[in-house]
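Comments concern the structure below.
In what follows, chains carry the letters A, B, and so on, assigned in the order in which the sequence lines appear, proteins first and then strands, with residues in each chain numbered from 1.
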Amino acid sequence: MDSTTIYPARLVRTLWQSNPEATAVAVRSGRVLGVGTLESLQQWGPATVDERFADKVLIPGFVEAHAHTMAGAVWNFPYVGFFDRTDPDGKTWPGCKSLEEVVSRLIEANERMDARLVADGSEGGPEDVLFAWGLDPIYFNEERLSRKHLDLVSVDRPIFVFHASAHLATVNTKMLDMQDIGADHPAEGVPKDPTGFPTGELQEPAAMALAMPGFAILLRAFSDPVSAQKFAASCRNAGVTTVADLGTIQEQDWPIWEKLTNEPDFPARIVLAYRGYRGNDSEAAAKVVAKAKGNTDLLRFGIVKLVLDGSIQGYTARLNWPHYLPDPQDQRATNGLWLIPPDALTDCLAAFHDAGLLVHCHTNGDEALDVFLDAVQEVQLRNPRPDHRHTAQHAQLTTPAQFQRMANLGVNANLFTNHIWYWGDQHRTLTVGEDRAAGMNACRSALDAGVALSFHSDAPITPIGPLHTMWCAVNRITSSGHVLGPDERITPTEALQAATLGAAYQLRMDDEIGSIQPGKRADFTVLEEDPLAVEPMALRDIKVWGTVLSGVVHRAGTSPNPVD
Amino acid sequence: MAINATPLRIPVTVLGGYLGAGKTTLINQLLSQAGNADPVRIAVLVNDFGTINLDAAFISSQSDSVIELSNGCICCSLADGFAATLDQIHQRALADPATAPQQLLIETSGVALPGAVAQYAHLPGFELASIIVMADGEQLEDQLADRYIGDTIRTQLGTADLVVVTKTDLISTSNLETTTSLIRSLSPAPIISAPPDSDLQLLVFGIGAFPPSSPPSARTSDQQATLAIASNRVRLVQPVDQKALEHWLEAAPPSVARVKGVVEGEKALLRVDRVGPRVRIQVWPNQVAAGILGTIEILSIKAHPGANQTLSQWLGDSPPKL
Ligand SMILES: Nc1nc2c(ncn2[C@@H]2O[C@H](COP(=O)(O)OP(=O)(O)OP(=O)(O)O)[C@@H](O)[C@H]2O)c(=O)[nH]1
Ligand SMILES: [Mg+2]
Ligand SMILES: [Zn+2]
Ligand SMILES: [Zn+2]
């Protein structure tokens, strides 16, 4: 018989209604054997008592149902964003609060690259690009990063700075020259300065791709096993035990994840959602069904991701009337973009629905959500599937009537509460205005309508960190300190439920994870404080000690993958 | 149309239009003609291989992302995205110029904005030839009124250099008139309905091809008569005044799909392009054969709906000598 370990703790918050609080949990064969007290668990016979969590709080392992594994890849490169951010090694990179700070961070990175070349005795070639990421120029008053700033860093080495929005990059003069991007370059998305020369900003992927040596780094990052390790380490540091990559890992990279998740000390359970609407969906559905038959504990298939529209901050989400606030320059279209033709969605959804798969559909705007709900209704009429659990992702502008319809159709909401902090002020002033911004990511309305709720980071769009995501749902504070729609706040208890069981439910794993209950996986997040006892404003400051994943202890920390 | 030498930059034609407008049908026709009398190596970029109608005997090799056809054409999947796919084609072309594509055709998704996709044509090794938007003659009116997609289709049509109306066999003449006037209210581009098989290559690639180095293709007058597109040549008096040239080009009647040529300007040779409604005059740094210099080739749609200005009148107004 496998051995039993009992972990006494300051508090075990089980999220199991029948036994909500405990002071010890027993683990056997990677699963929860029982919860209760050190004494009550003696019923199970001899056990090792492991005291390391005696002064900690155990909660069910956090489940992040919407992130992207490239959140790991970016940490191969220096971070130049506005907000402080912690890398997978546990090092916090302070935010760059001015363009001067961006430039000095890049100068340091450039010197490190020089030192490495000297150490390797190498010359460096066109591939030797200084790549940095996370820039959010929206926060630097009116001044924008240009090639002139980057030329202060280097005139010999090409530089590519990828912006947080993922729609822009800024490059230096060396990169422009190398790629022949000059004054008469015909592409849109290559703005020129008053002298007629490109400013160095490259707008949208078609223009970013002109700087191919830099852009190629982005394209390659997905299939880099080191990035995959870093992603899993970031999850562990944030207390996440199960994470879904929603549709960025393609078939050719599945073997990387199969190999990594088979290593005994891999620190996260990975759900790889398949990106649909890329060719024959019925064939794709059969492939995913077959693949899911080989699921292991740490690698799961069976979810499908569809992307219906764009983003609200990029003005590409599809909104119902009255659409976006007017554009002072009058250059923008009145509404956003479709990525799947509305007419094609029902058949596409049906291909996966009929195969028994669970579909998560990116619908940022409320018009896109209408189209998704129509499609769900139609596939349900054609081929009723009880308990389908199809989920609307982001659903940021969902109205009360839509939440009600979602509840009636059994569609779940995975809301993007981090937007409240990161872009809430822009939404009030630039995208949709004060009133609709107050109703964005409306967790209260969702729960009141009876919709199964979770929320997400969409890492690397915002950093992975369920405590922060909960904090946003509970406090609804923007980065300027404004409370955005106080009536949509939810309680810490509801937020904790959404970040654990709620997300597990949307991945159809709530029978296995999401609460601490006999028979479930022994997945715990180990915290220094009780999230239901601290001041709501202190939620995001709680320290994560580490995690337990199927009974294996993983310490949040310094090296990419330490195992205890 | 004879295109033999591989150009330095591969001309890119973007084929847009809403779901079911007939984009793949057009590509299938082109691919099946590509091996005919005037062979042209076409690279086609599509989202979904499954819809391209390929005879197995016609396929000479196949991988997950590229299908090579026995007539020298290739179909490439866009699964890796535009940038990576175009970069691969560029690298292949550099490695083996003899088999490099002479024309590249991108089928966009039904909701893509072809103007945005066209920006990829500025990547190294490529040149934007034209944007062709297909309109479903049977559905367009309803589609434009649709709450979800009306604005998308309007934007698509607005960026076209040429609009092709399909499914005209399914509608009455008066419905076709309604549809074309709807299109004309949204787009300054020339409109052609249901292009006949015979001059598809000329229609799709002729409007993009540059430089006009080849002599007029030898066609019999019988062949000419069946074509939907007329090819005219005018010799300009040189050197030309650039401003006057520009005004003249801008005044072309809406039936003109393409104007191209190299002429002597005041200080340099000028490359002259009008693709659909877009006029562009640039310095031409290369040599050009004496017989070609000063000759402007004009492709126009013979049965252009509602062309209210006659071609011959415009041709007669060619700009005066400097
Ligand atoms: N009657 C008629 N049918 C046509 C014509 N052109 C295309 N079709 C039919 O219309 C349907 C759609 O044509 P496709 O060429 O696949 O359209 P598409 O624009 O590639 O469609 P998507 O790739 O789905 O956006 C097919 O069944 C074609 O056979 C036409 O001129 N007349
Ligand atoms: Mg098609
Ligand atoms: Zn999304
Ligand atoms: Zn996402």
Checklist line | Per-residue contact mode, A:Leu339 against chain B (heavy atom under 4.5 angstrom) | finding: backbone
Check: Of the backbone (N, CA, C, O) and the side chain (C-beta and beyond), which part of A:Glu204 lies under 4.5 Å from a heavy atom of chain B, both, or neither?
Finding: neither
Next item on the list: Identify which part of B:Phe82 has an atom lying under 4.5 Å from any heavy atom of chain A, answering side chain, backbone, both or neither.
Entry: neither
Note to self: Heavy-atom count check: over 12 atoms from other residues, nucleotides or ligands less than 6.0 Å from B:Asp96 CG?
What the structure shows: yes
Next item on the list: Considering only heavy atoms and a distance below 4.5 Å, find which of A:Arg278, A:Glu283, A:Met212, A:Gln250 pairs most often with chain B.
Entry: A:Met212
Notebook entry, point to check: Which bit of B:Leu113 comes within less than 4.5 Å of chain A, counting heavy atoms only: side chain, backbone, both or neither?
Noted result: side chain
Margin query: Given heavy-atom pairs under 4.5 angstrom as the criterion, report whether the side chain, backbone, both or neither of B:Arg147 touches chain A.
Written below: both
Checklist line | Heavy-atom proximity to chain B below 4.5 Å, by part of A:Asn320 | finding: side chain
Margin query: Between B:Arg274 and B:Glu246, does any side-chain N to carboxylate O distance fall below 4.0 Å?
Written below: no
Notebook entry, point to check: Do B:His122 and A:His185 meet the criterion of a side-chain donor-acceptor pair at a distance under 3.5 Å?
Noted result: no
Checklist line | Side chain, backbone, both or neither of A:Leu337 within contact of chain B (heavy atoms, under 4.5 Å) | finding: side chain
Notebook entry, point to check: Given that the side chain runs from C-beta out, which part of A:Arg318 has a heavy atom under 4.5 Å from chain B: side chain, backbone, both or neither?
Noted result: side chain
Margin query: Distance alone, cut at 3.5 Å: any donor-acceptor contact between the side chains of B:Thr24 and B:Glu107?
Written below: yes
Checklist line | Side-chain donor or acceptor of A:Asp309 paired with backbone N/O of A:Gly365 under 3.5 Å | finding: yes
Next item on the list: For chain A, find which of B:Asp87, B:Val46, B:Asn47 contributes the most heavy-atom pairs closer than 4.5 angstrom.
Entry: B:Asp87
Next item on the list: Measure distances from B:Asp80 to the heavy atoms of chain A and classify the residue's part below 4.5 Å as side chain, backbone, both or neither.
Entry: side chain
Check: Any Lys/Arg nitrogen of B:Glu127 or B:Arg9 sitting under 4.0 Å from an Asp/Glu carboxylate oxygen of the other?
Finding: no
Next item on the list: Using non-hydrogen atoms and a 4.5 Å limit, figure out which bit of B:Leu19 sits close to chain A: side chain, backbone, both or neither.
Entry: side chain
Next item on the list: Scan side-chain atoms only and decide if B:Tyr18 and A:Asp343 contain a donor-acceptor pair under the 3.5 Å cut-off.
Entry: yes
Item checked: Carboxylate-amine/guanidinium contact B:Asp273 B:Lys260, below 4.0 Å -> no
